2 protein chains.
Amino acid sequence: MMKKRPTITDVARHAGVSKASVSYVLNDVKKVSQSTKERVLMSIEELGYEPDFTAVSLTRQRSQLIGIILPLVNQSIAHVMRENTYYNEMISAVEQRARESGFDVLLTGLSRPEHYRTWVHKRKLDGLLFFGLFPKEIYDEMRSIDVPAVLIDTYEEHTDRYPSVNIEDEKGAYLATCHLAELGHSRILFTGTNLHNPVEHYRYTGYERACKEAGIQPMNPVETPHSHSFLSGYEAAERVSATDATAVFCTSDIIAQGLIRALYERGIRVPDDLSVAGFDDIHSSRYSIPSLTTIRQQIQLKGDAAAGKLLEAMKGGSPEPEVLDVSLIIRESTAPPDIGSASQ
Amino acid sequence: MMKKRPTITDVARHAGVSKASVSYVLNDVKKVSQSTKERVLMSIEELGYEPDFTAVSLTRQRSQLIGIILPLVNQSIAHVMRENTYYNEMISAVEQRARESGFDVLLTGLSRPEHYRTWVHKRKLDGLLFFGLFPKEIYDEMRSIDVPAVLIDTYEEHTDRYPSVNIEDEKGAYLATCHLAELGHSRILFTGTNLHNPVEHYRYTGYERACKEAGIQPMNPVETPHSHSFLSGYEAAERVSATDATAVFCTSDIIAQGLIRALYERGIRVPDDLSVAGFDDIHSSRYSIPSLTTIRQQIQLKGDAAAGKLLEAMKGGSPEPEVLDVSLIIRESTAPPDIGSASQ
DNA sequence: TTGTAAGCGTTATCAA
DNA sequence: TTGATAACGCTTACAA
């Protein structure tokens, strides 16, 4: 027969005190004498008592649970996170930080805004981490209930209300484009997912600025229909190769890698015939052939920072928004234009 | 002023019935008349009532929560899942299936076995999914508490007690090795992480069987010190190239890709100088250069199957263990040995 | 078929 | 400094 695990009542009885007193020492409420405190602690130890989170949640109206929310596409979060190890690093970092602070992490996809509200309530979630951009109504809902949240990779006006963690998107694109221009490219193409997405937009802005400073004409951007994925890059190849670009800046490594593959199949060599730069510096970019010139963002640091801010906000603080630095990592996928074969 | 969200008491009052009746219709207990059922349903609708999970958890002693457990290395799950999109697909699939069944997913790393026990209890977890192999003590703990669990990628004796989901590891390695042998290779190297891991062991067995059938001599396997990662493959290159192998079978795509990269840096061409096959068929293997010949396992199906079995076990069923099929995907990284340069 | 009331394991309010 | 005791929101015998 399995012995039931001890409750606070058992501890109280064992220590010869009331439940209240046990609760006091558990929660470090001052009004306990040293002697009873010791007795209680001993009993806890002896019985192997651990407080029950669901009971605590019920009375305290908080759960020690934080939720990571990913966009749902086709009823699944797979479409977003399937191929991109960006999420692996983010999630790992958040999980670690949360666990160290006594929180558990709930991972979920979110479709309809109204679901979200009840979900937060039903679970009494203490805090939320939004990975990426969500429909506007979600943020409105958020405001109406009153739960701490941190927005990651979002530039909406909502950022004013909630702490956010971003990276220097504009600068990243700028650095990459400058690098390409400095190599001597004057036909540089921008390839991203959707310029209406603010992150993409800012990157485009950085691209434009670099072009301007280099005195070259921005080209018509190539937008891919899907999200950041190999396929997006792969399918972009047709439109890319229809241009006279000698260099391409992609807004994610995953797109760049898909693109490079498709170019390879068309006999277009990278970087000999075309230079390609990415964004993110996911692990694989170091190992791909050619290895990818890219903009490094410190993904784990980002996840850790986001979790940290959420923890702070949950304690009642008002953490500042944070914008993390990025840097250019030059690898094999970019080179000077091939003067021989290229025009101009 | 924020209006409090309605409780079951509010609904009862609104409908002019008792809390019990509301609970009955909520939980589909038969003994409710059509008329009251309708009244209650209307009130629920009108008030926008949603049951509170923490309260339900407390009385029912179950949480509608399932836990995904990953091995912790260095206090972080990052080391395991950082680079490998295998986990992205698994987690996505589990999350989707769970969500559709009204469960939420808790993601956590697990270090010390004793932590695990209290964690399950504190959260009243309904079920557990173990991703990969854990120290033996964990399974012992599991048995002592009584929580449904499904083991993934584990061949321990524990599998007898718990439903498991595996793939045909032996067959996969066999297929890959056969493919290499059929191409004409007779010096085929096995590269994996650690032959003491049962999954690796079975793959080695398949490799051996294929060698035997092809009448070739198995070579001394190369074991990498780390887990499945680019670096493992990358670092294996030195030992691989020190052999006279003309083909290598790696036990994961991620290792294969790391290896190919390192070989590339050493001027060893794949597949011209050396053929390389992987295992898993993660998305990137389709897009790498060269694209990777590999053993496809249906990762999402696997995650879905695991979640399904757990759901079944939680309902009191005893799901059968399942072994999913694998298949050979031939791509660019394997080719006949270069008779010109190779010996023999 | 419906209602009453006793839990579930905590925390928190008041007296003592 | 302590201890009853009433919440917290729900489920479930047991009565009616």
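Reminder, nothing fancy here: chain letters follow the sequence lines and each chain counts from 1. Because the structure is predicted, anything quoted here is derived from the model rather than measured.
Regarding Leu58(A), its CG atom lies at a distance of 9 Å from the C1' atom of dC8(C), rounded to whole Å. dT2(C) atom C1' lies 11 Å from atom CZ of Arg39(B), rounded to whole Å. Taking atom CG of residue Asp10(A) and atom C1' of nucleotide dC8(C), one finds them 13 Å apart after rounding to whole Å. Remark: C1' of dG9(D) and CG of Asn27(B) are 13 Å apart, rounded to the nearest angstrom. One interatomic measurement links the two molecules: CG of Leu26(A) to P of dA12(C), which rounds to 12 Å at whole-angstrom precision. When rounded to the nearest whole Å, the span between CG of Leu47(A) and C1' of dG9(C) equals 15 Å. A straight line from CZ of Arg62(A) to C1' of dA12(C) spans 15 Å, rounded to a whole angstrom. Rounded to whole angstrom, the span from the CZ atom of Arg60(B) across to the C1' atom of dC10(D) amounts to 9 Å.
One distance of note links NE2 of His14(B) with CE of Met42(B); it measures 7.5 Å at 0.5 Å rounding.
Taking 4.5 Å as the limit, some side-chain heavy atom of Gln297(A) sits within range of a side-chain heavy atom of Lys302(A). Side-chain contact between Leu311(A) and Phe103(A) is present, with heavy atoms from C-beta onward closer than 4.5 Å.
Of the possible polar contacts, one joining the Asn27(B) side chain to the Ser23(B) backbone as a donor-acceptor pair under 3.5 Å is found. The closest donor-acceptor contact from the side chain of Asp126(B) to the backbone of Gln64(B) lies under 3.5 Å.
Gln61(B) has a side-chain polar atom (N or O) that falls below the 4.0 Å cut-off from OP1 or OP2 of dG9(C). At least one side-chain nitrogen or oxygen of Ser21(A) sits closer than 4.0 Å to the OP1 or OP2 atom of dG3(D). For dT11(D), one of the phosphate oxygens OP1 or OP2 lies less than 4.0 angstrom from a side-chain nitrogen or oxygen of Ser23(B). Contact check, Thr36(B) against dT2(C): a side-chain N or O comes under 4.0 Å of OP1 or OP2. One finds a side-chain N or O of Ser33(A) lying less than 4.0 angstrom from the OP1 or OP2 phosphate oxygen of dT2(D). The phosphate of dT13(C) (OP1 or OP2) has no side-chain N or O of Tyr24(A) nearer than 4.0 angstrom.
Between Thr59(B) and Lys19(A), the residue anchored nearer the 5' end of DNA chain C, judged by the nucleotide with its closest heavy atom, is Thr59(B). Heavy-atom nearest nucleotides on DNA chain D were determined for Ala20(B) and for Thr54(B), and the one closer to the 5' end corresponds to Thr54(B). Toward the 5′ end of DNA chain C lies the nearest nucleotide of Lys37(B), the other residue of the pair Lys37(B) and Val22(A) mapping further downstream.
Taking the six-membered ring for Trp and thresholds of 30 and 60 degrees, Tyr139(A) and Phe134(A) have ring planes more than 60 degrees apart, a perpendicular arrangement.
Here Val29(B) lies out of heavy-atom contact (under 4.0 Å) with every strand. The residue Gln34(B) sits apart from the nucleic acid: no heavy atom pair falls under 4.0 Å. No engagement by Phe53(A) is indicated, since no non-hydrogen atom pair under 4.0 Å with the nucleic acid exists.
Nearest to the side chain of Ser18(A), among dC10(D), dG3(D), dT10(C), sits dG3(D).
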